[in-house]
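The structure under discussion appears below in the form of structure tokens.
All figures in this text were calculated on a predicted structure; none of them were measured in a lab. Proteins get letters first, then strands, A, B, ... in listed order; numbering begins at 1 in each.
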Amino acid sequence: MSTTTGTPVFSVEGLWKVFGPKAHRVPADPELAALTPAELRTRTGCTSAVRDVSFDVRKGEVFVVMGLSGSGKSTLVRCLTRLIEPTAGTIAIDGEDVRAMDKTRLRELRRHRAAMVFQHFGLLPHRSVLDNVAYGLEIQGVGKAERRERAAEVVAKVGLEGMEHRRPGQLSGGQRQRVGLARALAVDPEVLLFDEPFSALDPMIRRDMQEEVVRLHREEGRTMVFITHDLSEALKLGDRIALMRDGRVVQLGTPEEIVGSPADDYVREFVRDVPREQVMTVRTAMRPASAEETGSGPALAPDATVSEAIEAVARTGAPARVMDGARCLGVVDHERLLGVVAGTEHSAVAGAGKSVAGAGKSKEVA
Amino acid sequence: MATVTTAAPRIAVPGVLKHPVLRKLLLLALAAAILVPLANARWASGTWPAALTVDFTEPLTKASVWIIDNRDSHPLFLYFFGHISNAVVLAVRAVYLVLLAAGWAGVTAAASLVAWRVAGFRLAAGTGIAFLACGFLGMWIPTMQTLALMVVAVLASVAVGALLGLAAGLSDRMDRILRPVLDTMQVLPAYAYLLPVVLVFGMGVPAAVLATVVYAAPPMARLTALGLRGADKEVLEAVESLGTTARQRLLTARIPLARKELLLGLNQTIMMALSMAVIASVIGAGGLGDRVYQALGSVDVGAALAAGIPIVLLAVVLDRVTGAAGEALGDEPQPNGRARWAYALVAAVAVAVAGRLAGRLDWPDAWALNIAEPVNRAVDWMTDHLYSGVPVIGGTADWAAHFTTWVLDPVRDTLQWLPWWSVLLIVAALAWLIGTWRTALTAVLAMAAIGVLGVWEPSLDTLSQVLAAVAVTLVLGFATGIAAARSDRVERMLRPVLDVFQTMPQFVYLIPVVALFGVGRAPAVAAAVVYALPAVVRITTQGLRQVDPAALESARSLGATPAQQLRQVQLPLARPALLLAVNQGVVLVLAVVIIGSLVGGGALGYEVVAGLAQGDLATGLVAGAAIVCLGLMLDRVTQPTERRAKKGA
Amino acid sequence: MRFRTTAVVAGASSLLLLTGCGAADMTKQASPFANAQGVKTVTLSVQSWVGAQANVAVAQYLLEHELGYRVDTVQIDEVPAWDALSQGRVDALLEDWGHPEEEQRYVKDKKTIVPGGDLGVTGHIGWYVPTYFAKQHPDVTDWKNLNKYADRMRTAESGGKGQLMDGSPSYVTNDKALVNNLDLDYQVVFAGSEAAQITQIKQFAKEKKPFLTYWYSPQWLFKKVPMTEVKLPEYKEGCDADAEKVACAYPHTPLQKYLNADFAKSGGEAAALLKKFKWTTEDQNEVSLMIAEQKLSPEEAAKKWVDSHESTWKAWLS
């Protein structure tokens with residue numbers, strides 16, 4: 001629920017995935033590694049999907065990998081459990097080297113520690129909802145009665161009561177993805193991996209499903225790695241976001257950091273249309289308070305959004321105080337708030353990953 | 001308006017093709033300019049040069065004699081083929097005894113109840129009626145013999161096919177090896193399989209079952225591999241992400257995901273096994289096919305039909321029931337499905353026991369329906385009134401004579417007059433234009449193999465008959481197909497007719513064909529047309545009906561007349577289907593070449609039949625191999641590659 | 001891949017279990033349809049021509065109704081029938097037109113087949129023209145005059161020459177060599193099957209057209225379409241030794257019966273009956289005609305014959 005330190009769940013270091021003939025020489029050769037994807041293709045016939053990616057996924061956080069199609073994000077998430085074999089680099093789960101695992105150990109990892117939810121659901125059409133959900137338990141060798149009981153619980157948790165005996169073909173897209181989610185949850189994994197789970201759904205249902213994930217995360221605090229190409233989804237769900245382009249991570253940070261201080265023009269262009277007042281917090285928008293301002297005006301928490309501050313400032317007509325308990329950190333006034341909305345405000349955002357708020361923070365993005 | 005819209009593609013298509021076509025032709029002409037004078041200088045003759053043939057007759061005869069002499073002593077036969085043969089005999093016998101023990105009532109009840117569970121009441125009723133009809137026609141015992149043979153052959157085909165399919169579906173290398181073999185087996189005429197098995201096993205049920213298995217297993221293997229390979233990648237990935245072992249993946253996901261294809265494979269295997277079980281009567285399979293064959297001996301169409309109808313009924317019932325099983329797959333399982341299966345089982349056993357207790361195991365002789373006589377009368381009337389002397393249009397015999405003189409003779413004479421190298425060149429050019437250099441090479445090699453086998457002349461004779469039959473089939477088939485595609489009523493009326501002609505053993509209509517057209521190549525062509533027509537009509541109709549409705553609608557909105565719609569929209573858009581129809585027409589026509597020789601087609605077919613009849617397997621095998629080569633060549637020449645299909649679409 | 005090995009082992013062992021360990025001689029495996037339900041079964045081979053069907057029909061009728069056997073019939077051509085007979089897939093061959101090579105192999109060398117004695121019918125192959133035509137042109141019955149009539153025998157199929165119609169490929173024929181060696185202006189056209197040949201002959205007869213055909217006696221068709229034999233150069237012993245150089249008529253062959261050796265030994269009453277089975281050309285034609293022309297089923301035809309010829313068949317049963 002709150003910021004956790006300690007061993008990261010996933011620790012990825014210098015990860016490469018290159019497809020093509022003699023793929024191994026590409027990461028090893030600094031000259032080849034430096035080429036752009038197009039140059040690499042003409043030179044070697046290889047395609048690099050993931051290029052020298054490093055990040056940590058911390059316990060309990062929602063880590064979003066976001067990028068356009070072809071940016072390598074789906075390949076990246078498959079590398080985590082070696083559904084796609086990485087070409088180079090290290091992956092560790094709870095400190096254990098994933099790439100060094102033998103078949104049995106790897107199977108254990110997939111069975112108990114990381115479960116995945118797929119874009120097109122990946123359900124078995126010949127099995128009922130209940131048997132699909134129980135499938136992960138079945139292959140672990142759990143007895144029929146027990147796995148059905150546990151599956152029934154999870155089915156109820158994702159809101160599919162009464163549909164246990166339907167076939168996937170008889171469900172709507174949203175319902176099917178709930179089955180996919182339930183199947184992943186049923187094995188009680190340490191990490192949930194989502195590969196663009198909602199991009200095949202209608203917008204309304206997508207919003208429901210996003211809220212479902214937020215709710216689940218709030219209730220269980222399970223670590224999640226979430227792949228998406230939808231920026232608003234990333235901002236809504238992500239505690240931290242890794243933005244990928246051409247196989248590289250171009251920026252990694254909180255939504256606020258990404259929106260507030262884009263690392264380069266690509267990211268800036270990307271986040272241009274984001275309603276900044278709903279992402280930025282007053283912590284970044286505030287200025288130091290003058291002496292008389294510390295005593296009066298509406299009080300706001302440091303992680304309140306700018307849009308909340310605007311409302312407060314508009315109501316009272318005075319600058320709002322940013323209060324951490326009884327201490328006043330600073331104030332936001334008309335000028336600062338308008339600066340955020342207009343995008344002219346480039347306050348120095350704290351270094352990437354400095355503050356990671358838990359699920360408790362208010363992120364009611366529309 | 002409509003002409004304007006279609007004029008563009010009409011010009012554009014040759015424009016696109018011009019370049020590669022010209023290049024191919026130029027290359028070929030260049031190759032010919034170098035090779036032909038060389039070949040001509042060395043072996044100057046119109047027909048295939050004798051210096052380039054290899055005589056296989058002697059070694060084959062020796063092998064055949066050796067096999068006959070050693071069949072009861074050599075360990076290969078005692079410890080390998082002998083066991084296979086014995087297993088087949090025991091299995092067929094076991095099934096046959098079970099069927100006899102169940103009695104006619106038990107078998108009919110069991111079949112209907114299975115159909116009820118799998119496909120519902122209507123098909124169950126149909127199944128029951130079909131089995132009773134077999135009894136009423138006096139064909140109960142032969143039907144059971146054919147059924148016993150079928151059950152064993154189908155089970156073996158499914159096992160063999162599924163294993164091969166599994167190998168091809170799971171291993172890329174096996175797939176690369178197996179696919180061309182299976183593709184080729186698909187186009188070979190059924191008769192080609194008879195000779196080799198007879199060589200090893202002699203006449204009788206084991207040879208018949210094994211030939212059937214060899215013939216019927218490929219579709220199962222192909223579809224199994226297709227199903228395994230076509231499985232939804234994401235489902236497999238999802239299953240893998242949950243930590244399945246390879247075996248769990250296969251059993252819980254890949255095979256269940258392929259079940260539609262598996263059932264389709266079963267369906268095709270059953271249909272092919274049935275048609276082969278009939279043809280195999282030539283090598284002593286017994287059963288219904290044998291009855292048809294015997295009736296042919298006494299020129300008794302009625303009796304042949306009485307044995308042919310049960311075959312048609314079995315085919316239709318088996319096809320519909322397995323088809324319905326495939327369609328029912330995606331549905332929610334009915335509640336207490338198991339209990340219903342149990343009821344069905346109990347009911348079937350009860351009926352069988354009741355039949356036994358009542359002492360009514362054998363079909364009662366008194367319950368018989370004599371259809372032979374009216375049928376024979378109808379055939380007699382037909383021949384009396386149509387054979388000759390019909391005013392204005394002339395009799396069928398005159399047509400046949402004209403067809404022989406004006407079509408068959410010129411085509412044959414032209415083919416045989418052409419120098420051998422020019423035949424190869426023509427084959428190369430056609431195959432290359434429609435396919436790739438690989439298909440061209442296969443086609444040329446197949447054609448050359450015919451020459452090497454030393455049966456160049458009869459092969460060209462057969463080829464001329466095939467070409468004439470294909471031409472007639474396509475004209476009739478496209479016309480009928482277009483009519484059926486334009487009118488639902490015509491299609492509804494045609495459907496049962498097509499069903500019957502597709503499953504009726506070809507032996508049955510040989511006599512009417514002779515009665516109408518005399519003996520010779522013309523009736524052989526007629527028999528081939530009758531056999532190949534249903535498939536061509538079907539593919540044409542389907543192709544035309546599947547044309548994008550939007551394209552038709554837009555043509556209509558531009559005020560195109562029905563004829564314009566057909567010519568400018570439907571036919572061009574249905575081109576892939578029409579090409580497939582041509583290919584299928586060729587393959588099917590070739591499949592009846594051997595049957596055609598029974599009415600005077602002569603050439604290769606005659607040599608195969610003579611080889612079987614005279615025990616001269618060497619001649620038969622050489623002619624059979626030549627038919628196989630012809631089939632390969634014709635298939636490659638008429639089979640557009642995928643690349644081409646994509647470009648054309 | 002452990003399960004695959006298991007499957008192979010299971011398959012192999014079940015095959016062994018099925019077949020019993022050790023050698024399996026496929027030449028001693030009966031038809032799977034034989035002896036079903038505890039009834040003794042005799043399997044008879046039928047050749048495609050009706051005369052052979054008549055033999056089998058009567059033998060079958062007697063075996064079933066007088067001796068209580070079940071009879072299976074399988075249609076196999078002559079030469080393959082020898083092989084099947086040797087393997088025991090059929091028990092008896094009731095009409096053989098002379099196959100010295102097979103006789104040498106199976107009867108003398110392998111001893112898997114034993115002769116079953118004369119059928120009582122003499123067979124003869126020849127060239128025939130319809131009697132209505134022979135009456136108008138009596139000289140047509142000598143081969144030397146055949147060329148004179150070649151253009152009257154022409155059909156579309158024979159091209160510019162006269163048509164000599166041959167039948168089923170299973171029949172013994174020297175016709176191509178004969179036409180060649182006797183310098184005849186004729187083309188051999190194979191009807192491909194006896195059924196096709198008969199149908200064509202009947203069509204010709206209906207229109208009173210002239211035709212020349214390979215044919216044989218005894219044959220029921222003579223009763224429907226009277227035909228006259230064309231005299232070929234006389235048959236002498238050995239004149240047909242070289243198939244390429246034959247220039248003489250076909251011989252007269254006393255037709256033979258053959259039995260599978262094991263069946264002859266242990267076949268009991270059935271084997272005894274088949275050995276004694278002997279009738280005349282007229283008898284055979286009577287039954288043949290009922291089958292082929294009156295379209296009686298072989299069983300009905302046999303019953304009619306059996307009912308009216310008791311003295312003949314009683315002798316076979318004793």
Side-chain angles (χ1 to χ4, degrees), chain A residues 74 77-78 80-84 101 103-129 131-141 163-171 179-180 183-184 186-187 189 192-197 200, chain B residues 117-118 162 166 169-170 172-173 223-224 226-266 322 324-341:
Chain A
S74 286
V77 74
R78 281 166 173 75
L80 294 181
T81 56
R82 281 171 57 194
L83 286 175
I84 290 177
M101 286 179 177
K103 263 191 174 171
T104 332
R105 192 77 195 128
L106 186 63
R107 217 149 45 217
E108 283 307 300
L109 162 72
R110 291 176 184 165
R111 284 185 178 181
H112 299 290
R113 294 162 79 176
M116 194 153 161
V117 179
F118 291 85
Q119 182 177 7
H120 299 291
F121 329 127
L123 302 179
L124 294 165
H126 57 287
R127 289 172 166 242
S128 67
V129 167
D131 284 339
N132 259 298
V133 174
Y135 183 74
L137 298 169
E138 182 183 333
I139 56 176
Q140 292 173 15
M163 305 202 180
E164 287 88 348
H165 298 291
R166 301 250 183 109
R167 297 286 161 112
Q170 298 166 311
L171 301 179
V179 179
R183 177 175 65 186
V187 297
L192 273 177
L193 309 174
F194 292 86
D195 178 27
E196 300 202 40
Chain B
R117 287 306 302 133
V118 171
L166 216 55
L170 299 182
D172 285 336
R173 192 196 290 174
L223 283 160
T224 307
L226 196 73
L228 289 177
R229 293 192 165 264
D232 188 338
K233 287 279 174 301
E234 204 181 25
V235 176
L236 292 183
E237 201 172 31
V239 166
E240 193 182 356
S241 80
L242 287 164
T244 44
T245 60
R247 183 182 171 176
Q248 283 174 328
R249 222 154 31 236
L250 183 69
L251 294 180
T252 61
R254 296 193 80 157
I255 291 179
L257 285 174
R259 68 214 191 291
K260 261 218 155 99
E261 283 82 1
L262 290 177
L263 258 178
L264 188 62
L266 176 68
T322 47
E327 272 163 28
L329 271 182
D331 301 351
E332 198 171 353
Q334 286 168 317
N336 54 38
R338 276 203 196 145
R340 290 190 188 201
W341 270 109

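The OG1 atom of A:Thr81 lies 10.0 Å from the CG atom of B:Leu242; values are rounded to the nearest 0.5 Å. Going from atom CZ of A:Arg110 over to atom OG1 of B:Thr244 covers 7.5 Å, rounded to the nearest 0.5 Å. From A:Tyr135, atom OH reaches atom OG1 of B:Thr252 across 2.5 Å, with rounding to the nearest 0.5 Å. Atom CD of B:Glu237 is separated from atom CD1 of A:Ile84 by 6.5 Å, given to the nearest 0.5 angstrom.
Residues A:Ile139 and B:Gln248 share a closest heavy-atom pair of O-NE2, 3.0 Å. Here the shortest heavy-atom pairing between A:Arg183 and B:Ala238 reads NH2-CB, 3.4 Å.
Listed by sequence position, B:Glu234 are the residues of residues 227-234 of chain B in contact with chain A, using a 4.5 angstrom heavy-atom cutoff.
Side chains of A:Leu124 and B:Val239 form a contact here, defined as non-hydrogen atoms less than 4.5 Å apart.
Interface remark: A:Arg82 contributes no atoms to any contact with chain B (heavy atom separation under 4.5 Å). Contacts between A:Ala184 and chain B at a heavy-atom distance below 4.5 Å are absent for every atom of the residue.
For the set A:Gln140, A:Glu138, A:Gln119, the entry with the most heavy-atom pairs within less than 4.5 Å of chain B is A:Gln119.
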